[in-house]
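Take a look at the structure below.
The structure displayed is predicted, hence computed values, not measured ones.
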Protein chains: 2
Amino acid sequence: MLAKSSTELVRQKNSALVLSALRRHGPLAHTELSDFTKLSSATVSVITADLERAQIIEKAEQQAASGRGRPRVLFSQRRDFGYLIIVVISSDAVQYSLVDYAGRLIDRFSEERPQEVSGVGPFIAAMRDALRRIAARSQLDHDKVLMISISSKGLVDNSETVLRWSPIFGRDEIDFAAVLADEWPAKIMLGNETLLVAAALGRQEENNKDSDFRAMAALSLGHSIGLGIVRREEGGGHQVSAPNFGHMMHVPGGALCRCGARGCIEAYAGFYAMLRTAFDVPLDTIPAKFVPIAELDKIAVSARNGGRRNVLAFRQAGLALGNGLSRVLSLHERMPIVITGPGVRYYDLLIEGITEGLAESHVVRMEGMPELRVALDESTLVFDGHINRAFSIIDNDIVKRVGSSIELRAQAG
Amino acid sequence: MLAKSSTELVRQKNSALVLSALRRHGPLAHTELSDFTKLSSATVSVITADLERAQIIEKAEQQAASGRGRPRVLFSQRRDFGYLIIVVISSDAVQYSLVDYAGRLIDRFSEERPQEVSGVGPFIAAMRDALRRIAARSQLDHDKVLMISISSKGLVDNSETVLRWSPIFGRDEIDFAAVLADEWPAKIMLGNETLLVAAALGRQEENNKDSDFRAMAALSLGHSIGLGIVRREEGGGHQVSAPNFGHMMHVPGGALCRCGARGCIEAYAGFYAMLRTAFDVPLDTIPAKFVPIAELDKIAVSARNGGRRNVLAFRQAGLALGNGLSRVLSLHERMPIVITGPGVRYYDLLIEGITEGLAESHVVRMEGMPELRVALDESTLVFDGHINRAFSIIDNDIVKRVGSSIELRAQAG
DNA sequence: ATTTTTTTCTCGACAGTCGAGAAATTAACT
DNA sequence: AGTTAATTTCTCGACTGTCGAGAAAAAAAT
């Protein structure tokens, strides 16, 4: 309620509406745009004409006319209006993807990250190099890149450019915006990985007409534990947040966590923690840097055959997760929980503990068990989350410039 | 991004802006309105003329001209445009207040609530009676009442009219909208008490120019424990939520709580819980319905004189609160915490445990201790919260009708 | 009385949306 | 081949909104 409104703002919002319809449904004709946005045909004409003049959208080749009457002409984003680079940092590799303005994947490669910690400096250097490379391979000027969208596990600052803490670099902060500013005019955005998963799930649920989606949580199980929450806002927007769930306190003064604190959820439910319990190692043992998933698979096999110590490892992990989730539900509303990440393969072993950990709480007694789902394709969700978030921001930025500077540029050209 | 925008919406928003400036700063002249809202003088003229025609605002008697030049004429809300009834339900009494459209208190009375639980039925009957009475005493027709705003401790449904769980009525739900609909055309709103405290604090902080307010939590200590969180939204709005903090799990399978679950924070930090610890009663003893504050005062005196068992009672309560708050901070961002409610008088005894409970967590190690403040005037904050929230909603509703139906009515009359 | 100062009101320009109908374009029909 | 029907896109005039500039109003100072 702070800012005044004006007719120009109306145009901005409605232009953004047109662009987002295009994002959601792919190429659309004039009539369809009018249907989806509820804007009048006349308004759609003006807006599309503006966007076309600004080189943002274009009329596609008209396909074979399907019925009688004047054939539709489809509008779609100009693929070469600009580009998006997506950087997914995981514990063992960094994946670079180049995407055009229409959302199509153009190029992608991964680089191994040496397991032995090489520190922030070399990592930044490697990243700067890789970014240069992915642009060069498609012969793109750096100013054609609209945004570099980065994700990592860990704690992201409110600024959305600073990595405050991560399982990989610990407390060595990285300010990606500062690090890349000299070479890239693009907007830099950093997001927690599980937050992007939640964002993607929220978008999916939104498209699903008959679900009365209000909120949803994504829980990622792996070497570390991530949680993302997405809530629907009044006005149709989504609000996402990435709580520091993995390092929420489970048991005061409890097991030693990688982060140096004691009693974090991760110190009971992370891969290294399950290993520790399975081998009956003291809980203040310094956690392993990395656990090959094969190790855990062995424990799982044994647990499924009734190995008591191994069953206990998964049960304790489940309990920590369940207790933690019950606390999340106490602090938010009831919402479905989608479990994802490499750890889902042990879902059968974890579920008992999770359920029990949830059941004890007041919320669950009041409102019943939350719905639990499993999503196997975490990496797809991360990528979708990147694309959704990036283009939603890019489109909203662009729309502010249409009608002012870009119009002038078009006159000049 | 779901709804289209239009010129009428612009007018609606700007009208709301004018009304909210009037709420925030009291009677304002044309020039001041233009300054505060950043709207042009011409626009302010049109909007105020509309609102005046719709009988919502009026030109006040012009006060003595303070300088030279044409004297200012102040606009203010018409006090008789409509009325608000505020109902504050607490464990021992129910307070009814009648407020006019300009926000001035007109009438107020309290009714004792018998300590022996008399059930929901009699309570509703008494409330209906009291509401009739407060309107009758000021000779108001029921349709002059724009909203009935109710608050209670406990768990409020998303609908904001249904009390799901409360320390007073337990699991006996009350749907206030359904109960009052036959007699009152007014909008019915229900809010958690501590949520309103948080809302009021947020508003205060907002007015405080030099604070970069992002989020804030209010913690109310008493027989039960309440938490309200207010966050600033993009666009200037505030988002408030009332987590079920008192019944968040503190220790799995721990002390017996009034709610029937085990290990809730309240079961360690509520007044009855501290009493239980002080007298070394087993933790699964059924909690006292009500604890006279004098009892706790005695324990506090003893604790301040070094009585070990009594020191422990406050320390354990503080620990539960501190651990719980650390979990809240894990799930949200860092934010200042304002402690309020009757329990603040033991702040000196609680603070050690609270600090210790916070210190163990990863967030606090990362981001440092959150700022802790004390607010003594809880009941004032609750009342302010009611008024802020109610009129903000009322004004936004009204503005939608200006220019359509109300205009017609003015023509007819 | 006249001038100065301050505030409020009014007018024309400009930006935006909308409904209705004109123009365009193709398939179907005679 | 020419005509008609169907469908989509484009265009025009009406309406609503905001804004800047300057006119009008009203009181104090000269």
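Using a distance-only test at 3.5 Å, with no hydrogens or angles considered, no donor-acceptor pair links the side chain of B:Lys13 to the main chain of A:Ser6. When atom types are taken as modelled, the side chain of A:Ser149 and the backbone of A:His386 share no donor-acceptor pair closer than 3.5 angstrom. Proximity of a side-chain donor or acceptor of B:Thr37 to a complementary backbone N or O of B:Leu39 within less than 3.5 Å is detected. Judged by distance alone, the side chain of B:Ser34 and the main-chain N or O of B:His30 form no donor-acceptor pair under 3.5 Å.
Atom pair A:Leu39:CG and C:dG16:P shows a separation of 13 Å (rounding to whole Å applied). The distance between atom CZ of A:Phe75 and atom C1' of D:dC10, rounded to the nearest whole Å, is 11 Å. Distance, B:Glu8 CD to D:dC15 P: 13 Å, rounded to whole Å. Nucleotide C:dT25 holds its C1' atom 13 Å from the CZ atom of A:Arg68, rounded to whole Å. Between the NZ atom of A:Lys13 and the C1' atom of C:dA15 there is a distance of 17 Å, rounded to whole Å. A:Glu32 places its CD atom 13 Å from the C1' atom of D:dT7, with the value rounded to the nearest Å. As a whole-Å value, the separation of B:Arg72 CZ from D:dA25 C1' is 16 Å. Spacing between atom CG of B:Leu9 and atom C1' of C:dC18 amounts to 14 Å, rounded to whole angstrom units.
Note on B:Ser40: a side-chain N or O is less than 4.0 Å away from OP1 or OP2 of D:dC19. Using a 4.0 Å cut-off, some side-chain N or O of A:Lys4 falls inside it from OP1 or OP2 of D:dC19. Taking side-chain N and O atoms only, B:Lys59 has a distance below 4.0 Å to OP1 or OP2 of C:dC9. Note on A:Arg11: every side-chain N or O is 4.0 Å or more away from OP1 and OP2 of C:dA15. An OP1 or OP2 oxygen of C:dT8 is reached within less than 4.0 angstrom by a side-chain nitrogen or oxygen of B:Thr31. Between B:Asn14 and D:dG17 there is no side-chain polar atom (N or O) within less than 4.0 angstrom of OP1 or OP2.
Minimum atom distance to the side chain of B:Thr43 is reached by D:dT18, of the listed C:dT8, D:dT18, D:dA26. Side-chain atoms of B:Ser45 lie closest to C:dC9 of the nucleotides D:dT9, D:dG17, C:dC9. For A:Val73, counting side-chain heavy atoms from C-beta on, the closest listed nucleotide (D:dT9, C:dT8, C:dG16) is D:dT9.
For the pair A:Ile47 and B:Arg70, both in contact range of DNA chain C, the more 5′-proximal nearest nucleotide belongs to B:Arg70. Where A:Ser5 and A:Ala42 each meet DNA chain D at their nearest nucleotide, the meeting point lying more 5' is that of A:Ala42. Between A:His30 and B:Val10, the residue anchored nearer the 5' end of DNA chain D, judged by the nucleotide with its closest heavy atom, is A:His30.
For an aromatic pair to be called close, the ring centres must be under 6.0 Å apart, and A:His238 with A:Phe213 satisfies this. The aromatic ring centroids of A:Tyr83 and A:His142 lie 6.0 Å or more from each other.
Donor-acceptor pairing under 3.5 Å, judged by distance alone, is present between the side chain of A:Ser41 and the base of D:dC10.
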